[in-house]
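None of the values given here were measured: they were computed from a predicted structure. As a basis for the values below, the full set of heavy atoms in this structure was taken, side chains included, without hydrogen atoms, waters or symmetry mates.
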Amino acid sequence: MDEKTTVGNEFKRFVRFILQEMKPRGKMLTPFNIISIPIILLGAIILVIRFTQGLGAVTNLSQDFPWGFWIGFDVITGVAFAGGAYIITFVVYVMKVEKYHPIVRVTVLNGLLAYIFYAGALVLDLGKPWNIINPIIGNSFGYNSVLFLVAWHFLLYMMAEFIEFSPVVAEWLGWRRVRKFLNTLTLGAVIFGITLSSLHQSGLGALFLLAKSKIHPLWYTEFIPILFFVSSIFAGLSMIIVEGTISHRVFKNQLDPTHHVAFDEIIFGLAKGATISMFTYYFFKALIFIHERHWTHLNGFWGVWYLVEVIGLVLIPCFMFAYGVRNKSLGIIRTAAVLTLLGIILNRLNVSVIAFKWNAAVKYYPSWMEIIVTLMIIFSEIWVFRWIVTRMPVYKESRDFALVS
Amino acid sequence: METYSYVNIFETKGLEYLLLICFLVLFILLIRYLNPAKTKL
């Protein structure tokens, strides 16, 4: 009887705590809320139309262009941006570089949310969304297909990232024993996650290997998987720099004062990593360009467009990162990070949308509703991120748990 | 008839080799640039 009462009281306490945490905090009328709420509502209405009347009612997709902005930006670009999680967990948990420990939790949270929202956006783009279960249950699916690998990897990686983040949830709920147990799973989840990540980052590129005749020669190469993997490294690092810079201004009351100083040093380290990976990536691109003898393609629009991407948004940011590291200039590093992210967006959209069927008579352009839904996904992710960060010990270990450990 | 020419930089993939050598040299310079030697006091 006593035991039942204790369990009952504990359950009531838990429900009260959750209800308390669900209440909104802070000001409602902020510029971000004023912009994001109408877009999220409009996006929700468009999604209702999409699921009741089909893809054709809201998108410009067709039999000729079955993959558009939702796949090109949400899934393929979004997953590249989430690359920071597997790099930082590798550096901290496997290489044991403790300098980056303060950003592990927030990076893993970003990665987890990016996969849930951006990879989850795949459901919107499926003509029959309920068939998304097919690769998982092996129903009428080619086990040798790249899409089969990508589908399984997304699912498993989301689980691995949730396990990596779960000690934070346990701390938030005050579950000491559960937190202790979950901590023992972290290293295994990290190693599993890195293996999955490196494979599906390249796997997303491998999806386009079948489309040799459709992608412009300047972007098509049999090395697309390697390029996608290497570029996900500096995409992830740049995303951490940009996101961290914004978070440190928005959530400054959540941080220890010492963390601000440490974060500057962390940025220099991340920028160094970005420089090296971008430099390597640039030479990969140059090697492929020379090997395939693409000089003739440089004339005209596509050549200029290619140079904008490779020189303007890879080589120049690479030099800016190097200069910023050498001269300890945070401003230059942040600018370089933004340019790098633009370069990744351009590269992924070039491969999947812009330079895809580049010589077709009728081109695909995303409809305004496709863009609104994409914005809705981005804003929804930021809302969830903000909710978690303001409640759970993401930026610092919970004081009680820190004392125990 | 043998048409292969060992002096043709394209046929021998000479440009690729040159680019790789440039990369390795520049990579070392980049690492040195990013990690300047600390002067002893």
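Only the side chain of L30(B) has a heavy atom closer than 4.5 Å to any heavy atom of chain A. Contact of L26(B) with chain A is made through backbone and side chain together, with heavy-atom distances under 4.5 Å.
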If the cut-off is 3.5 angstrom, what donor-acceptor pairs do you find between chain A and chain B?
residue	atom	partner	partner atom	Å
K272(A)	NZ	N35(B)	OD1	2.8
H291(A)	ND1	E16(B)	OE2	2.7
R293(A)	NH2	F10(B)	O	3.2
R326(A)	NH1	Y33(B)	O	2.9

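Note: F268(A) CZ to L34(B) CG = 12.5 Å, rounded to the nearest 0.5 Å. To the nearest 0.5 angstrom, L15(B) atom CG is 11.0 Å from F289(A) atom CZ.
The ring of F23(B) has its center closer than 6.0 angstrom to the ring center of F279(A).
Using a 4.5 Å heavy-atom cutoff, the side chains of L20(B) and F283(A) are not in contact.
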